[in-house]
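First the structure, in the form of structure tokens, and then the observations on it.
The chains referred to below are lettered A, B, ... by the order of the sequence lines, with proteins before strands, and numbering in each begins at 1. The model shown is predicted, which means the values in this text are computed figures rather than measured ones.
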2 protein chains.
Amino acid sequence: MDTAEGAARAREAGTRNRRGGRVPTASMADVARLAGVSSQTVSRVSNGYAGVTEETRRQVLAAMKELGYRPNSAARALKRGEFRTIGVITFSLATTGNVRTLEAIATSAAGEGYAVTLLPVAVPTQDEVRGAFSRLEELAVDAVIVIMEVHLLDAASLTLPPHVQVVVVDSDADDHYTVVDTDQAGGTRAAVRHLLDLGHDTVWHLAGPEGSFAAQRRTDAWRHTLTEAGRTPPPLVRGDWSAESGHRAGLELAARPECTAVFAANDQMALGLLRALHERGRRVPEDVSVIGFDDIPEAGSFLPPLTTVHQDFAEVGRLCVQAVLRKMREAGPERGTTLVPTRLVTRASTAPPPERTGPAPDVWGDPPA
Amino acid sequence: MDTAEGAARAREAGTRNRRGGRVPTASMADVARLAGVSSQTVSRVSNGYAGVTEETRRQVLAAMKELGYRPNSAARALKRGEFRTIGVITFSLATTGNVRTLEAIATSAAGEGYAVTLLPVAVPTQDEVRGAFSRLEELAVDAVIVIMEVHLLDAASLTLPPHVQVVVVDSDADDHYTVVDTDQAGGTRAAVRHLLDLGHDTVWHLAGPEGSFAAQRRTDAWRHTLTEAGRTPPPLVRGDWSAESGHRAGLELAARPECTAVFAANDQMALGLLRALHERGRRVPEDVSVIGFDDIPEAGSFLPPLTTVHQDFAEVGRLCVQAVLRKMREAGPERGTTLVPTRLVTRASTAPPPERTGPAPDVWGDPPA
DNA sequence: GGCTGTTATGTTTACGTAAACATTTGATGG
DNA sequence: CCATCAAATGTTTACGTAAACATAACAGCC
């Protein structure tokens, strides 16, 4: 299983491309010639059509193998009018959510016989975005999934080829696009209620960056859940998703003794927050409860293990692919939003608030410092 | 400039796809007809060739715009014999390293006018790998970058189209492939020496999974650096890159009072290790020093902030793209390894060992457990 | 004024595949 | 034994682009 095959491969495929000559790939015509049939018959075998004698089929397959024949996907795409490829546009792969979603998309797409082409937009400047999309315009893609706030996309005056379908994650543009997303509001509500149920008067919020729809949605839901419960939302503290920003925010929050519960908009910021609280001597969860969002794999290893909202990224990715393929096949300009439910994962970073006010009035009251 | 044109466009490009009919995209011929030139002239304008009158060019561009013309990349690829696409094969995007490398590859490739197609291999079973590669065989790709131990690739009896060049990350197969990788050995040596220089007798190692070349390399270098310094390597503790596995290993290590310094093969495992040590009441860095590998963005927010080996993933990705494009252009079967240097980032998780043996002999000796 | 050379543009062709149509072969039935 | 039909295979054509080649127009020159 080595020498013979190796030699055949070297001969046919011309591994010995020493002199830099482009080695021609065998085409259907070559296979047909060797097998003594027409190229159409080769095509039929290649595509698994019925109506080919077993005998013929075997001959063709043998010829294919000998020549190392591979269908030329460019020619196929040209002929069929489709590329069997889905493009994914995203800002950086720095955030867990984007990556996990991307991975699920790629896996789902592969299952459907589609490839995934990545279109990263490095810096969110107008120019960058515009550049990426002008590249996209002539990209070999049948459909596009956009993982970012879609208004940035409009800002780039994106024009896609007419038959390219679009599905969007992390956006609220469900009046213009098909949107698949995590149920941000539901997850947030679960997190905030969990803290209120534990007895906290109110819940502080460490928000994500303003540009992100997901962040916006979580902030809105946080505020809504609090007012719904008759509590006053404390001032908003803003981060940028990074642990470092969580740390900065945490130093601020640690200075406020009235802050006993914090809902961080993602786990990374919660991590930084935990460090800041620790540095300031505020114990978690005894003095302050912290809850995150995402349930990254490391969340269970934080100090203390983080209570957080679990997102089903795999499901989001799968639904994206399903939706975009359905749109392609039915050519329907379907719109609207599909939400993927979340699940609260309770670990060790949340607890009832420290005894402060309540039944026992002023036994050893807080030192006013 | 509206009714006539609008009608023309509707006729040509058929924007009115109400009835689900596939909308034909305008071709060069359409543009040529509208502009009153030959399709070859349209091609010249499209590809920016000189030798077209400014007047003609303007007319063609106007016609393109009116018809919403987009070059058909399938036809282009067929004609040119290349796809301007690089395929990236990787096991899951769960590890930071893979993701960051992928991102850098995508960015670099875009800069060179290449798209990146993702080929995830979900589960590392023989079948999965084989399946992925049989898909790859007919993938529209000019070159491939493999981010995984390449022997898995051989196991799948991979046959690539002859002119597809391959570059590999995380592998030692530099006698068969072009390899670009982080300088695992150098980074490990820096980490281990840092701990020895602080005065630790020896350094324990929390290794990555056996299948990973990077893990293997780090383990080898750890052992080598220790013996080189005349120390005896303690028994190996193995993890699987996850924080959870680091936690398990940490519980073991915490039980050994002689363990004062641990080199974890990545930051996630270091995180779990930190938690385990904390749970067991062993202070970091006073009792035990911990050092990681990768320098993930969160490492600075661990408790305590983690000393770790910084990897330049962006550079690895960039070099991969460069190497693969060079191989394509020069058609040289270039081999060998390019190493990207690392940098030790000193934070708060490492310190000299606790006073134990040394000048003061047996003042309060260790309780024998 | 015709020759040469240059520049702008047009025409032909081929890339590899697969649909549509055409032909051949062999079997079945009257 | 030929008409009929189905199955297997062959032939033609078109997909959209761009290289190669062909032509036209015009300027410069002796």
Side-chain angles (χ1 to χ4, degrees), chain A residues 22-61 63-64 67-84 137-142 161-163, chain B residues 12-13 22-61 63-64 67-84 137-142 161-163:
Chain A
R22 172 56 62 95
V23 185
T25 310
S27 75
M28 275 193 169
D30 301 323
V31 175
R33 210 170 302 123
L34 182 60
V37 298
S38 75
S39 62
Q40 184 54 37
T41 299
V42 177
S43 172
R44 287 191 258 259
V45 172
S46 178
N47 292 316
Y49 281 151
V52 179
T53 316
E54 193 49 42
E55 167 66 12
T56 311
R57 173 185 306 276
R58 256 189 302 113
Q59 276 180 329
V60 170
L61 288 175
M64 282 179 171
L67 294 177
Y69 169 76
R70 312 261 169 249
N72 178 316
S73 45
R76 275 198 169 164
L78 174 57
K79 190 74 182 102
R80 296 201 282 222
E82 60 171 20
F83 301 99
R84 297 196 162 274
E137 281 170 6
E138 50 181 274
L139 207 57
V141 148
D142 301 310
H163 58 280
Chain B
E12 293 296 339
R22 173 55 61 95
V23 185
T25 310
S27 75
M28 275 192 168
D30 301 323
V31 175
R33 208 171 304 124
L34 183 60
V37 298
S38 77
S39 63
Q40 184 53 37
T41 298
V42 176
S43 172
R44 286 191 259 258
V45 171
S46 179
N47 292 316
Y49 281 150
V52 179
T53 316
E54 192 50 42
E55 168 64 12
T56 310
R57 171 184 309 277
R58 256 190 301 112
Q59 277 180 328
V60 171
L61 289 175
M64 282 179 173
L67 295 177
Y69 169 77
R70 310 264 168 246
N72 177 316
S73 44
R76 275 198 170 165
L78 175 58
K79 190 74 183 104
R80 295 200 285 222
E82 59 169 22
F83 302 98
R84 297 195 164 276
E137 281 171 6
E138 51 181 273
L139 207 59
V141 148
D142 302 309
H163 58 279

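- Using a 3.5 Å distance cut-off with no hydrogens or angles, the side chains of A/Arg76 and A/Ser46 do pair a donor with an acceptor.
- Judged by distance alone, with hydrogens and angles left aside, the side-chain atoms of A/Asp30 form a donor-acceptor pair with the main-chain N or O of A/Ser27 at under 3.5 Å.
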Sub-3.5 Å pairs of nitrogen or oxygen atoms, protein against nucleotides 16-21 of chain C:
from: C/dT17; atom 1: OP1; to: A/Tyr69; atom 2: OH; distance (Å): 2.5
from: C/dT17; atom 1: OP1; to: A/Asn72; atom 2: N; distance (Å): 3.0
from: C/dT17; atom 1: OP2; to: A/Met28; atom 2: N; distance (Å): 2.6
from: C/dA18; atom 1: OP1; to: A/Asn47; atom 2: ND2; distance (Å): 3.4
from: C/dA18; atom 1: OP1; to: A/Arg76; atom 2: NE; distance (Å): 2.8
from: C/dA18; atom 1: OP2; to: A/Ser43; atom 2: OG; distance (Å): 3.3
from: C/dA18; atom 1: OP2; to: A/Asn47; atom 2: ND2; distance (Å): 3.1
from: C/dA18; atom 1: N7; to: A/Gln40; atom 2: OE1; distance (Å): 3.4
from: C/dA19; atom 1: OP1; to: A/Tyr49; atom 2: OH; distance (Å): 3.4
from: C/dA19; atom 1: N6; to: A/Gln40; atom 2: OE1; distance (Å): 2.8

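- Here the CD-CG distance, from B/Gln59 to B/Leu34, works out to 9.5 Å after rounding to the nearest 0.5 Å.
- A/Glu55 and A/Arg57 are not joined by a salt bridge, as no carboxylate oxygen comes within less than 4.0 angstrom of a charged side-chain nitrogen.
- If one axis is set at each end of the helix from C/dG1-D/dC30 to C/dG30-D/dC1 from five pairs, those axes are 50° apart, to 10°.
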Working note: B/Val42 + B/Met64, criterion side chain to side chain contact (heavy atoms under 4.5 Å, CB included); need CA distance, chi angles, decisive distance, verdict. CA-CA 9 Å; B/Val42 176; B/Met64 282 179 173; 3.8 Å; yes
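- Taking both residues in full, the closest heavy atoms of B/Ala74 and A/Leu78 are given as CB-N, 3.6 Å, listed atom of the first, atom of the second, then distance.
- A/Tyr49 contributes atom OH, which lies 13.5 Å from atom OG1 of A/Thr41 (distance to the nearest 0.5 angstrom).
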Between the protein and nucleotides 5-8 of chain C, are there any N/O to N/O pairs under 3.5 Å, and if so, what are the atom names and distances?
from: C/dA8; atom 1: O3'; to: B/Thr53; atom 2: OG1; distance (Å): 2.8

A/Ser73 and B/Phe83: CA distance, side-chain angles, deciding distance, side chain to side chain contact (heavy atoms under 4.5 Å, CB included) verdict: CA-CA 9 Å; A/Ser73 45; B/Phe83 302 98; 3.7 Å; yes
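- Residue A/Val42 is classed as having no contact, given no heavy-atom separation below 4.0 Å to the nucleic acid.
- In this structure, B/Arg33 CZ and B/Met28 CE are separated by 13.5 Å, a value rounded to the nearest 0.5 Å.
- Taking atom CZ of residue B/Arg57 and atom C1' of nucleotide C/dT9, one finds them 13 Å apart after rounding to whole Å.
- A/Arg80 contributes atom CZ, which lies 10.0 Å from atom CG of A/Asp142 (distance to the nearest 0.5 angstrom).
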